[in-house]
Protein chains: 2
Amino acid sequence: MTDTPARLLKLLSLLQTPREWPGGELADRLDVSPRTIRRDIDRLRDLGYPVEASRGSVGGYRLVAGAAMPPLLLDDEEAVAIAVGLRAGAGHAIEGVDEASVRALAKLEQVLPSRLRHRVSALQNATVALTRGDGSTIDPRTLTTLASAVTGRERLRFAYLSGDGTPSKRLVEPCRLVSAGQRWYLVAYDLGREDWRTFRVDRVGEPYATGARFAPRPLPVEGPPDAPAAGPDGARDGSGGGSGKAHGSGGGDAAVFLARSMRRMQPELRLDVRFSAPAEFVAARLPAHLGAPEPDGEGGCRLRSSCTDSLEWVALRLALVDCEFSAQGPPQLVEYLADLGSRLTRAARPV
Amino acid sequence: MTDTPARLLKLLSLLQTPREWPGGELADRLDVSPRTIRRDIDRLRDLGYPVEASRGSVGGYRLVAGAAMPPLLLDDEEAVAIAVGLRAGAGHAIEGVDEASVRALAKLEQVLPSRLRHRVSALQNATVALTRGDGSTIDPRTLTTLASAVTGRERLRFAYLSGDGTPSKRLVEPCRLVSAGQRWYLVAYDLGREDWRTFRVDRVGEPYATGARFAPRPLPVEGPPDAPAAGPDGARDGSGGGSGKAHGSGGGDAAVFLARSMRRMQPELRLDVRFSAPAEFVAARLPAHLGAPEPDGEGGCRLRSSCTDSLEWVALRLALVDCEFSAQGPPQLVEYLADLGSRLTRAARPV
DNA sequence: AGCCATTAGGCCAGATCATGACCTGATGAA
DNA sequence: TTCATCAGGTCATGATCTGGCCTAATGGCT
């Protein structure tokens, strides 16, 4: 309160309000002389925060965009808003910022005052998860716990339900959190199995950081390659995996590792859809990870790709393209579309 | 860099990483003696930041949740992630945090380094707006400009397209930004018309803060009431308006004011839908502002309410409830559902 | 049980730095 | 023009910060 550093923090916080602050007013608020304010502004500038000043009678200081992110000083409601927004987003994992978004959420939730926590979870519950029906909704708390363990390099203990339904207890050294399409995966070294494994986050139960830190292990550049060369499937372009940066975790890239192990175990949805609209039109209205449609026939295009998203989600995205289309496959998708179509038709026929 | 306050900020930033930091490591990173680190930790604690320490050989410091929000120190990717997430959310305006979310976005964008800006907008474009079709997508930039002007109490100049399509130029003193359902509205005092007006944000073009500050005017408690008493429509509960807090802007509540003026001008969608599922089931899967369904018949329920959302959006939400339903009205909705239903049916029938 | 790494904090000397009070200029708006 | 603002110099005083020493307590590991 009476400290210089504290005052600087307060000053930063005031300047973040989107308005201009005359030096006098700042001096008043912070209980120092205007001269000191000027000096403080100087200091902030030296620190790299670009404080812009406009002179003249309606002038004042304000913080503008600069080279580095200044510390964000949020009030309660803003913090809650961000937390809620990120948690909602954690489900759909916006294309390129998947992991960073979870990291930010973890950072925020780590310091979120407890009185705000219940507001967040209340709002969270009020928000209807958009992609229901899949059954496997992701718990943001699980996600942030895992993210914390990854960046904190802490060992993790959790219960896991493998694909065939057998439960197990795991103790792992988490390496990376990766999102692929609708799902999240944890790439980690399993201390029990003494090998690298990938875990589907929605099948992880009650994760718990043991507190023990570990030295990062290099990811195997590649074990037994199940395909000879680089692009066994060809289709996806390089950026498809989502989490671009390699995070500098030594060895191989976690996204690549994930793609490998997924190819072995994931039942994919092999899409084949024809649209009666130009490729650009369709591409602009589809999530990038679903792949790119190619021109086909006059004014039409065709999308052939594969994804691991849920049926409902895919159907929804297709419908939202808002043009005539026709699904050739996979069969489950065709069936689901038929079902949804007739349900809506029935809904439109008053009883 | 060489300054005490700078070091404190750095320290805060390090502590926000979700891991434990031994004092020695901190001292090393910040290039000061361990003793100074201990003192700095003390200082942070005095400032109210709850730094927790665990002793013992694997101990260390970490920042935990406390009474107040500490300044968030984000790295580049995290900042981008939050910005993208909030912008995506700005469209759907999550129930209770509408305005705070925009305020946070404004605060962030004010200081977001320009090299990150283009990353944000690139990702933004990659993300398909979920509620297309309406045509009136909201520009996040517009929204944040308006929000800044509201909290900064700066006069605004913008072009406006009124409901009947006539363009005009406005100079206003913005009072509040309110979200109702899918849309955003600006409540402001129009200096040209010399009266209070509400503007639909999606019809605002090129807003621009003049820089001139103004003293907040009290909102009229109510002008000519077009309905006798408090609840003319009865249906909605108090929290329906969205933006709970009155923001202490003197006079009447902006949300109330908006509701009044909207009642005069908005073509509402008067929903009437019967679901073949229990009321609780349906309520849990519908956004709260669409109203609450009431039990009707055996194991069914009926939703009668009104909203100003777009047709497509409402239809989507209804379909996502994932149970048999039947729309009695309004006619546009029935027609749209029939159309969508047959389109999906066609899509499921391979050519 | 014993060892070790960690936090916690007292004391002191010396250097550094922040503060407020004064001053002069420059700038932009009304 | 006149005013309010930013910008910065200088100076004396006093507070404060730092590093280095010290001791104590705690918790995990072997």
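Per chain, numbering begins at 1; letters A, B, ... match sequence-line order. Note that the structure is predicted; figures quoted are calculated from it, not measured.
Residues satisfying the side chain to side chain contact (heavy atoms under 4.5 Å, CB included) test with B/Ser13, not counting sequence neighbours, are B/Leu73. In terms of the salt bridge (Lys or Arg N to Asp or Glu O under 4.0 Å) criterion, B/Glu52 has no residue partners (sequence neighbours excluded). Legend: residues meeting side chain to side chain contact (heavy atoms under 4.5 Å, CB included) with A/Ser148, ordered by chain and number and at least two apart, are A/Ala106, B/Pro18. Residues passing the ring pair (Phe, Tyr, Trp, His ring centres under 6.0 Å) test with A/Phe199 are A/Phe158, A/Tyr160, sequence neighbours excluded. For A/Asp76, the salt bridge (Lys or Arg N to Asp or Glu O under 4.0 Å) partners are A/Arg115, not counting sequence neighbours.
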Grab the N/O contacts between the protein and nucleotides 26-29 of chain D below 3.5 Å, and write none if there aren't any.
from	atom 1	to	atom 2	distance (Å)
D/dG27	N2	B/Ser57	OG	3.2

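Nearest to the side chain of A/Arg39, among D/dC11, D/dT18, D/dA7, sits D/dC11. Taking the side chain of A/Tyr61 as heavy atoms from C-beta on, and the options D/dG20, C/dT7, D/dA7, the nearest nucleotide is D/dA7. Checking C/dT7, D/dC6, D/dC17 against every side-chain atom of B/Arg38, the shortest atom distance belongs to C/dT7.
Distances shown here put a side-chain N or O of A/Arg43 below 4.0 Å from the OP1 or OP2 atom of C/dA18. Between B/Arg45 and C/dT7 there is no side-chain N or O to OP1 or OP2 distance below 4.0 Å. A sub-4.0 Å separation between OP1 or OP2 of D/dC22 and a side-chain N or O of B/Arg35 is absent. Listed pair B/Ser33 / D/dG20 fails the phosphate criterion, with no side-chain N or O lying under 4.0 Å from OP1 or OP2.
In this structure, B/Arg193 does not pair ionically with B/Asp195, as no charged nitrogen and carboxylate oxygen lie closer than 4.0 Å.
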